[in-house]
Every structure is written in structure tokens, then in C-alpha cells.
Amino acid sequence: MRKKIVAGNWKMNTTVPEGVELAKAVVAKSAEVPADVKLIVATPFTHLCPVAQVLEGSSVSLSAENCADQEKGAYTGEVSAAMLASAGCEYTILGHSERRQYYGETDEKLVAKTRLALANGLKVILCVGEKLEEREAGKHFDVCEAQIKHVLYQFTEADMQRIVIAYEPVWAIGTGKTATAEQAEEIHAFIRKVVAGKFGAAVADDMSILYGGSCKPSNARELFAQPDIDGGLIGGAALKADDFIAIARSY
Ligand code: PEP
């Protein structure tokens with residue numbers, strides 16, 4: 001059965017001590033969350049080791065926000081999948097729209113990154129989603145389908161067990177605009193169909209597909225009630241433990 005997941009993406013926020021305090025607060029409140037909802041915090045690279053210590057023995061998992069597209073060597077400033085695994089990460093986010101938009105993350109690079117992440121034992125939260133002009137032109141289905149085909153279709157059925165998709169309409173990220181539950185459900189169901197097209201209905205049924213984009217305590221319940229929405233990737237609201245936990249309690 002597919003997992004319900006609520007993952008917080010801290011982005012480039014919090015100093016290390018602030019991040020440690022935030023992680024402690026999440027762990028302290030994690031017992032309030034239904035046992036079948038998996039909590040994940042995705043932190044900046046600098047925070048991974050100290051946050052891993054805070055999470056030890058808790059039910060909260062650690063994720064990175066990105067990883068390198070090369071295995072190791074002379075790539076100044078990059079952080080490899082092996083490093084992330086050794087720091088205690090269980091997951092890494094890949095393909096976030098901010099990385100696609102500001103750092104030239106292409107689908108080709110995402111194939112390399114996903115391959116390395118999986119080879120090093122990490123699970124992947126792969127982000128897909130359309131820009132505002134693409135939504136307005138009615139191209140959102142095509143854009144998401146292409147992103148999934150270019151990246152996920154390069155992997156095997158077994159790999160898919162360790163991949164989660166996050167649908168994040170770019171126009172809803174950090175803007176306060178949320179996709180309506182109907183808009184989100186429509187595209188989640190479509191994404192599941194695209195996955196089924198290559199890997200079959202059983203794999204698609206098992207796949208967790210998260211919604212991301214201005215998800216907050218006031219709208220999470222309606223979004224999570226949709227049959228094809230299996231949780232959320234939460235940006236801004238994950239920086240307050242109370243809001244993050246309230247979202248996870250919406251199930
Ligand atoms: C995100 O960046 O993954 C995200 C969903 O951000 P926000 O919740 O702030 O829109």
C-alpha cells in the first residue's frame with residue numbers, strides 16, 4: 001500500500017542552531033501525527049549531520065534538498081549521493097522547480113542524479129510541475145508527462161519502489177496560491193496514469209504522489225482527502241513546527 005508522506009523542504013532557511021531547534025520541535029510533536037503518516041525533513045547540507053543526531057531514534061526521516069550529478073572527485077562545491085547517505089539521509093529531493101529555474105537542472109542531469117541517489121541507497125522525491133504560462137496555455141498535462149517520461153521512464157520497476165513524485169505547480173510555490181483540490185487531484189490522477197503506462201497499474205497504485213505549493217494547515221485537509229494525493233511537500237509552512245505538524249495531522 002502506498003505511503004502517506006508529509007515532507008518539509010526547508011530550502012535555504014535557518015542557521016544550523018535554528019535548524020537543530022526546528023528539528024527538535026518536530027520530533028517532540030511527531031507523536032501527534034497518525035502513525036501511518038511518514039514525516040520527513042529536508043534540510044540544507046550544512047544541517048544534515050546535526051539534524052540526523054536529533055532525529056535518531058525518532059520516526060522522522062532525513063532528506064537532502066539536492067545531490068550532485070557526479071559520483072565523486074573534482075567538483076568543487078558539490079555534495080555527492082554517497083556523502084548524503086553517510087550523513088544519515090534516507091531521501092533526497094531532486095528536480096525542485098527552484099533548481100530547474102535558477103541552477104539549470106535539466107531532465108538529463110536529473111537522470112544522472114536519480115541514478116546516483118538510488119545506487120547509494122537513497123530514496124528520491126522527484127519534483128515535477130508546470131509554470132503559470134504553461135498552465136494558462138493548457139499545457140500542464142504535457143509538461144508533467146514529459147518530465148516524468150524523460151526522467152522516470154529511464155528506471156526500472158524495482159527502482160520505482162524507492163521513488164516518490166511531488167507534483168508542484170510552479171505558480172503555487174511560495175506564492176500563497178494553492179491549486180484547488182480538484183485541480184491537484186486531476187493532475188495527480190493523470191501522473192499516476194503516466195506511471196502506469198510504463199510500469200503497470202500495480203506500481204502506479206503503490207507510488208506516493210505528493211502535492212506541493214502553498215500547502216498549509218487551512219488547506220491540507222481538503223487536498224489530502226483526494227484519492228490520488230498521498231501527502232505534501234511543504235515549503236514555507238515547514239519552517240514552523242506547529243504548522244508542519246498541523247498539516248500532517250490533517251489526515
Ligand atoms: C516547495 O518549495 O516545495 C513548496 C511547496 O513551497 P511552499 O509550500 O512554500 O509553496
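All residue numbers in this chain count up from 1 along the given sequence. In this text, all values refer to a predicted model and were calculated from it rather than measured experimentally. Every number for a ligand or one of its atoms is a count from 1 in the order of the listing.
- Within ligand 1, the atoms closer than 4.0 Å to a non-hydrogen atom of Gly212 are 5 (C), numbered from 1 in the order shown.
- No hydrogens or angles considered: a donor-acceptor pair under 3.5 Å links the side chains of His150 and Asp107.
- For ligand 1, the polar-atom distance check finds an N/O of Gly236 within less than 3.5 Å of one of the ligand's N/O atoms.
- Nearest protein heavy-atom contact of atom 3 (O) of ligand 1 is Glu168 OE2, 2.7 Å.
- Ring geometry for Tyr211 against Tyr167 counts as tilted: the plane angle lies between 30° and 60°, on a 0 to 90° scale.
- Glu168 and His96 are linked by a side-chain donor-acceptor pair at a separation below 3.5 angstrom, with hydrogens and angles left out of the test.
- The distance from ligand 1 to the heavy atoms of Leu233 drops below 4.0 Å at these ligand atoms: 3 (O), 5 (C).
- Cluster partners of Ile125, by chain and number: Ile5, Ile40, Tyr91, Ile93, Val164, Leu210, Leu233. The rule joins Ile, Leu, Val, Met, Phe, Trp and Tyr whenever side-chain heavy atoms lie under 4.5 Å apart.
- With a heavy-atom cut-off of 4.0 Å, Ile173 touches ligand 1 through backbone and side chain alike.
- Taking each of Gly174, Gly235, Gly232 in turn, the one with a heavy atom nearest to atom 10 (O) of ligand 1 proves to be Gly174.
- The closest approach between a heavy atom of Gly213 and any atom of ligand 1 is below 4.0 Å.
- Below 3.5 Å of separation, one finds an N or O of Lys11 facing an N or O of ligand 1.
- With sequence neighbours excluded, no residue forms a ring-ring contact (aromatic ring centres under 6.0 Å, His included) with Phe155.
- Close to ligand 1: Ala172, with a non-hydrogen atom less than 4.0 angstrom away.
- Between His96 and ligand 1 there is a heavy-atom distance shorter than 4.0 Å.
- Checked by atom type, the side-chain pair Trp171/Glu130 shows a donor-acceptor distance below 3.5 Å.
- Within a 6.0 Å sphere centred on CZ of Arg249, heavy atoms belonging to other residues, nucleotides or ligands number 12 at most.
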